[in-house]
Amino acid sequence: MRPYQPKRILVTGGGGFLGSHLCERLLDKGYEVICVDNFFSGSKNNIAHLLKNRNFELIRHDIIHPLYVEVDEIYNLACPASPIHYQYNPIKTVKTNVIGSINMLGLAKRIRAKILQASTSEVYGNPEKHPQDESYWGNVNPIGPRSCYDEGKRCAETLFFDYHRQNNVRIKVIRIFNTYGPRMHPKDGRVISNLIIQALTNQPLTVYGDGSQTRSFCYVDDMIDGMMRMMETSDEITGPINLGNPEEISILKLAELILKMCKSRSKIIFLPLPKDDPIRRRPDISLAKRILDWEPKISIEEGIEKTIAYFKSIL
Ligand code: NAD
Ligand code: UDP
């Protein structure tokens, strides 16, 4: 670490949903933050309020190209996260995950920075084991429409562990389960943002399939807390560690809850289930509880209320 100076932290994908919350929380702790983003799925609006902070720096940059900065820690979040965004240009999604990770790991190696990878529950694919713990290797289709993301993230994990074994890079890998909250992109097609916007604008709520598929939704503040705890662990802790809320809910129940909380008169309609859509998903977070002393604190009702307030403010 550089002497007599606050920690300097690079956040790739810092203009996105999770990245912007992370930048904010790191600045609150008094750190210097360099935010790097190509604004493919993020937005300058997410970080506009941070631009006047002298500890905040913004670089428009695509991580598939090398980057030369001096920092103490790197959070690698750059990658579109919603199926609509990551399937828009699947080859680019793979490049971001593979070439982008190599660039960020090369940077971490050169400047001896600690680096955290935002991996995903998608590495478990359509899981045959329930709930999913970190020892499960997953059930992923290597050639389907979700593969660019799932296999890209799996390869990124491989690269992180190879840079660790081969070059002693200090790595931290977290597997993020579905996370939601203010600043989700209103058009990225993820279920919570879609359903809330539909309920608030009196459009039908689009449930894919019969809505019996499940997810476990974590509110953004809890997720950022978990991420930062992971970065602060000692060097021998590499992960992967699951971060998510173990409260599981079917998509139909979620739609009903959102209708009720928005006091909406919209109807629910059923549309075809997208190919390879995982049927069940719930994290086993025993490891996060034990190693990070972390578990989510915000209930789905409380989180959805805050998210509804956000979408009301921007619609
Ligand atoms: P997001 O799309 O809002 O944010 C991703 C950011 O990365 C965007 O600002 C985008 O413009 C930027 N980006 C994309 N490709 C880039 C590139 N090549 N170079 C530079 N910037 C690039 O998504 P999010 O929900 O904030 O997700 C952040 C990270 O967390 C992603 O890596 C995602 O895979 C991971 N994750 C998120 C969730 C979730 O539920 N939100 C779940 C699992 C994993
Ligand atoms: N989904 C839905 N209606 C929508 C958007 C999504 O029923 O308008 C379903 C989707 O098929 C999936 C679940 O909600 O089963 C979560 O989808 P999302 O895209 O938010 O996340 P992921 O599938 O990546 O977990």
Side-chain angles (χ1 to χ4, degrees), residues 9 11-14 16-26 29 73-79 81-82 97 101 114-125 127 129-138 149-150 152-154 156-157 160-161 170-184 190-192 214-234 236-249 278 280-300 302-304 306-307:
I9 302 178
V11 179
T12 75
F17 160 50
L18 293 181
S20 61
H21 285 275
L22 177 63
C23 289
E24 212 171 77
R25 290 272 286 274
L26 293 169
K29 286 199 115 188
E73 294 174 357
I74 303 170
Y75 286 84
N76 188 36
L77 271 60
C79 176
S82 84
N97 279 305
S101 293
K114 231 190 300 189
I115 181 166
L116 177 142
Q117 167 66 354
S119 191
T120 168
S121 53
E122 292 283 332
V123 301
Y124 301 122
K129 183 174 185 193
H130 193 78
Q132 295 80 54
D133 66 53
E134 296 82 351
S135 68
Y136 178 50
W137 290 354
Y149 183 75
D150 300 8
K153 288 281 186 182
R154 285 168 70 95
E157 286 200 10
F160 269 71
F161 279 86
R170 293 176 295 154
I171 60 158
K172 310 277 172 198
V173 176
I174 53 167
R175 292 183 176 153
I176 302 175
F177 284 65
N178 296 64
T179 303
Y180 70 100
R183 300 200 200 121
M184 291 182 89
R190 281 189 265 191
V191 68
I192 290 198
T214 67
R215 293 292 187 273
S216 307
F217 295 99
C218 184
Y219 188 67
V220 58
D221 291 358
D222 283 329
M223 181 56 60
I224 302 298
D225 183 39
M227 262 187 208
M228 290 170 61
R229 280 175 189 241
M230 180 64 172
M231 187 59 109
E232 281 155 20
T233 53
S234 53
E236 68 276 9
I237 307 293
T238 57
I241 293 188
N242 287 340
L243 292 182
N245 193 324
E247 207 182 318
E248 186 180 356
I249 183 170
R280 296 188 77 182
R281 185 183 285 159
R282 171 155 63 98
D284 178 331
I285 58 163
S286 317
L287 210 54
K289 278 186 184 162
R290 184 159 54 78
I291 293 179
L292 309 178
D293 188 24
W294 175 88
E295 65 183 315
K297 296 193 171 61
I298 297 168
S299 69
I300 183 101
E302 203 183 331
I304 285 187
K306 290 173 196 270
T307 313

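Residues take their numbers from the sequence shown, with the count starting at 1. Keep in mind it's a predicted model, so treat the numbers as computed, not measured.
Side-chain atoms of T12 come within 3.5 Å of backbone N or O of A78 as a donor-acceptor pair. Under the 3.5 Å distance criterion, the side-chain polar atoms of S216 are matched with a main-chain donor or acceptor of R281. A donor-acceptor distance shorter than 3.5 angstrom exists from the side chain of R215 to the backbone of P278, with no hydrogens or angles considered. A distance-only check finds no donor-acceptor pair linking the side chain of K306 to the backbone of P182 [under 3.5 Å]. Under the 3.5 Å distance criterion, the side-chain polar atoms of T238 are left unmatched by any main-chain donor or acceptor of E236.
Residues forming a ring-ring contact (aromatic ring centres under 6.0 Å, His included) with F217 (at least two apart in sequence, or on another chain): none. Listed by chain and number, the residues in a ring-ring contact (aromatic ring centres under 6.0 Å, His included) with Y180 are Y219 (sequence neighbours excluded). For E73, the salt bridge (charged side-chain N to carboxylate O under 4.0 Å, His left out) test picks out K7, K114, with sequence neighbours left out. Here E302 pairs with nothing under the salt bridge (charged side-chain N to carboxylate O under 4.0 Å, His left out) rule; sequence neighbours left out. When the ring-ring contact (aromatic ring centres under 6.0 Å, His included) test is applied to F17, the partners found at least two apart in sequence or on another chain are H21. Every residue was checked against the side-chain hydrogen bond (donor to acceptor under 3.5 Å, both in side chains) condition with N245, not counting sequence neighbours, and none meets it.
Counting heavy atoms from C-beta outward, Y75 and L18 have side chains that stay 4.5 Å or more apart.
Using a cutoff of 4.0 Å between basic side-chain nitrogens and carboxylate oxygens, R154 and D150 are not scored as salt-bridged. Salt bridge annotation for K29-E232: present, with a cationic side-chain nitrogen under 4.0 angstrom from a carboxylate oxygen.
Exactly one residue among M228, M230, R170 makes a side-chain contact (heavy atoms from CB on, under 4.5 Å) with L116. That residue is M230. Screening Q132, E122, E134, E157 against R175 for a side-chain hydrogen bond (donor to acceptor under 3.5 Å, both in side chains) leaves a single residue, E157.
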